[in-house]
Chemist: 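Quick one: structure below, then a few questions.
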There are 2 protein chains.
Amino acid sequence: MEIDKVIHEPARLRIMMILQGVEEADFNFLLNTLGLTRGNLSRHMDKLESAGYIKIKKSFNGKLPYTSYQIMKKGLGALEQYWQNLDQVRKGSDLPAE
Amino acid sequence: MEIDKVIHEPARLRIMMILQGVEEADFNFLLNTLGLTRGNLSRHMDKLESAGYIKIKKSFNGKLPYTSYQIMKKGLGALEQYWQNLDQVRKGSDLPAE
DNA sequence: AAAAATAGTTTGCATTGCAAACAAGTTTGC
DNA sequence: GCAAACTTGTTTGCAATGCAAACTATTTTT
């Protein structure tokens, strides 16, 4: 049993928990909600996209760029698995000779 | 609410969960149980000691050095707090405007 | 038209996890 | 009895990562 490092990072875990509950969320919403710097948020989203956990949707809001994010099936599955794995650790049932 | 990075590292979280349940555990027991390298384990234990979460007890088993570890009150508290914080994240109740 | 704001991205640094190399002694084999 | 191999850890060095400052590109304000 391996803890998923992509999800384990607290900022990304929070992002995944947010995305799990909504249709989609945009850059500024996440920024305000999480209190990260923009650079930091940008990198985290890249990482989540590289893992195939979210989709980045770029468009324009009027003339300004507008970026929003959507969790993907793979991301939902990974998130669920993550919590299950953590439950195992919590119960101690990840140790041999239980 | 801040996730405790000292505990958050999966290897150290497992170590803390083990130490929580026993009087004390020695180096080789942790080594075999967790499947880390010796160097890696040594560093993790240093980190936990620096945080004041465990006590390192050095003695001799016959003529060979023998190192064992014991969780401290501060460590127990931090571990409990850690799980509480993670529960908050899980419930989404760490977000503003809940 | 210059200055400030918006919306992100890229770069660079400091920290950290990890294993290889090292240290210090002990036991085994010849 | 001494060299080789084992035990028990620690230290060193590298690669990856989180983080914020600096940058890009465009738009809005003054």
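A, B, ... follow the sequence lines: proteins, then strands. Residue 1 opens every chain. Heavy-atom basis, side chains included; hydrogens, waters and symmetry copies ignored.
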Chemist: Between atom CG in A/N32 and atom P in C/dT6, what is the gap in whole Å?
Modeler: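 Distance, rounded to whole Å: 11 Å.
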
Chemist: Whole angstrom is fine here: how far is it from CZ in A/F27 over to P in D/dA25?
Modeler: 17 Å

Chemist: Salt bridge or not between A/D87 and B/R90? Use side-chain N to carboxylate O under 4.0 Å.
Modeler: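 Counted as a salt bridge, because a side-chain N and a carboxylate O are separated by less than 4.0 Å.
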
Chemist: If you find the nucleotide of DNA chain D closest to A/E9 and the one closest to B/D46, which residue's nucleotide is nearer the 5' end?
Modeler: B/D46

Chemist: Choosing from C/dA19, C/dA7, D/dT8, which nucleotide comes nearest the side chain of B/N40?
Modeler: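 The listed nucleotide nearest to B/N40's side chain is C/dA19.
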
Chemist: C/dA5 P sits how many Å from A/R38 CZ, rounded?
Modeler: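 Rounding to the nearest Å, CZ of A/R38 and P of C/dA5 are 12 Å apart.
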
Chemist: Tell me which nucleotide among D/dT17, D/dT28, D/dT12 gets nearest to the side chain of A/K63.
Modeler: D/dT28

Chemist: Side-chain N or O of B/H44 versus OP1/OP2 of C/dT16: is the shortest distance under 4.0 Å?
Modeler: no

Chemist: Side chain of B/T37 only, please: which of C/dA19, D/dG18, C/dT16 is the nearest?
Modeler: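 Nearest to the side-chain atoms of B/T37, counting from C-beta on, is C/dA19.
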
Chemist: Does the B/H8 side chain pair with the main chain of A/H8, one donor and one acceptor, at a distance under 3.5 Å?
Modeler: yes

Chemist: Relative to the 5' end of DNA chain D, which residue comes earlier, A/L64 or B/L64, by the nucleotide with the nearest heavy atom?
Modeler: B/L64

Chemist: Between B/K5 and C/dT16, is there a side-chain N or O to OP1/OP2 distance below 4.0 Å?
Modeler: no

Chemist: Does a side-chain N or O from A/R12 land closer than 4.0 Å to OP1 or OP2 of D/dG18, or not?
Modeler: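 Looking at the OP1 and OP2 atoms of D/dG18, one of them is under 4.0 Å from a side-chain N or O of A/R12.
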
